[in-house]
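Just below is one structure, and these are the notes that go with it.
Ligands are counted one by one from 1 in listed order, and the atoms in each one are counted from 1 as well.
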Amino acid sequence: MAEEVILLDFWPSPFAMRAKIALREKGVEFDLREEGLPSNKSPLLLQMNPVHKKIPVLIHNGKPVCESLIIVQYIDETWGHGSPLLPSEPHERAHAKFWADYVDKKITVTQAVWKSTGEAQEAAKKEYIEYLKVLEGELGDKAYFGGERFGYVDVSLIPFYSWFYAFETSANFSTEEECPKLVGWAKRCMLRESVAKSLPDQHKVYHYMLELKKKF
Ligand code: GS8
């Protein structure tokens with residue numbers, strides 16, 4: 001039976017980018033459906049994610065999977081081809097999940113980096129840079145977060161690279177000066193087709209952010 005794989009998407013969403021990267025890493029064909037966020041949600045989205053009403057939603061043979069990190073894990077477990085994103089050894093697996101969870105818990109600060117001004121923005125920028133430095137420390141001298149192979153933590157974090165220029169320009173700092181190794185890692189990830197195809201141009205994201213700012 002032919003498989004039906006649909007992804008409810010919104011192009012600037014880093015969460016949706018995670019799902020696209022994972023599907024492309026596994027070589028899965030999928031149908032991308034762009035949602036009109038924030039106000040123009042399709043009936044399919046409301047039906048498939050009635051709890052949060054958020055993208056991304058992966059619909060596999062009619063059944064929805066919600067929440068980007070759960071989607072990436074589902075893709076890893078469902079499509080065996082390609083190399084695994086999560087390690088199989090339980091402790092290494094728990095370690096990878098810890099860092100992906102760290103990304104999710106801390107990433108909320110980025111909202112204040114581009115939305116706020118003055119002292120509030122300075123505080124948010126400081127917090128954001130500290131958080132990037134913690135991630136850079138975890139990366140260390142490894143090629144990827146899991147070692148030699150691109151994996152789960154990389155998929156979780158790399159989408160935010162497409163927003164780096166928007167954050168930097170809003171709050172006036174250079175990510176590369178603050179975290180050179182992390183930016184080196186991001187450029188390495190961008191050499192992968194799965195990542196390059198899934199991340200929008202940083203300037204396009206920046207212009208999208210300017211439009212959003214006008215609405216606040
Ligand atoms: C976050 C998804 C999300 O915020 C995940 O999938 O990991 N924890 C979730 N989706 C946003 C778009 S990206 O900013 C969304 O769908 N927002 C619509 C809304 O809030 O109404």
Suppose we measure from [atom] to each protein heavy atom; which comes out shortest, and what is that distance?
atom	value
atom 18 (C) of ligand 1	K41 NZ, 3.8 Å
atom 20 (O) of ligand 1	K54 CE, 3.5 Å
atom 9 (C) of ligand 1	E67 OE1, 3.3 Å
atom 6 (O) of ligand 1	S68 N, 2.9 Å
atom 16 (O) of ligand 1	I55 N, 2.9 Å

For S13, the ligand 1 atoms with a heavy-atom partner under 4.0 Å come out as 13 (S)
Run the numbers for me: atoms of ligand 1, each under 4.0 Å from some heavy atom of P56, listed by number. 6 (O)
Report yes if R18 has an N/O atom closer than 3.5 Å to an N/O atom of ligand 1; otherwise report no. no
Would L37 count as a polar contact of ligand 1, with the cut-off being nitrogen or oxygen pairs under 3.5 Å? no
Between D154 and R149, does a salt bridge (charged side-chain N to carboxylate O under 4.0 Å, His left out) hold up when you go through it step by step? CA-CA 9 Å; D154 307 299; R149 268 203 338 236; over 6 Å; no
Please determine if E67 and K54 form a salt bridge, counting it only when a charged side-chain N lies under 4.0 Å from a carboxylate O. no
Decide if the gap between the ring center of Y208 and the ring center of W11 is smaller than 6.0 angstrom. yes
Check: Y206 ring centre within less than 6.0 Å of W163 ring centre: no
Which is it for E35 and ligand 1 at heavy atoms under 4.0 Å: side chain, backbone, both or neither? neither
Run D9 and K20 through salt bridge (charged side-chain N to carboxylate O under 4.0 Å, His left out) and show every step you take. CA-CA 9 Å; D9 188 29; K20 286 180 269 192; 3.0 Å; yes
Cluster check F167, F15: I/L/V/M/F/W/Y, side chain < 4.5 angstrom: yes
What I want to check is whether the side chains of S194 and R24 have a donor and an acceptor closer together than 3.5 Å. no
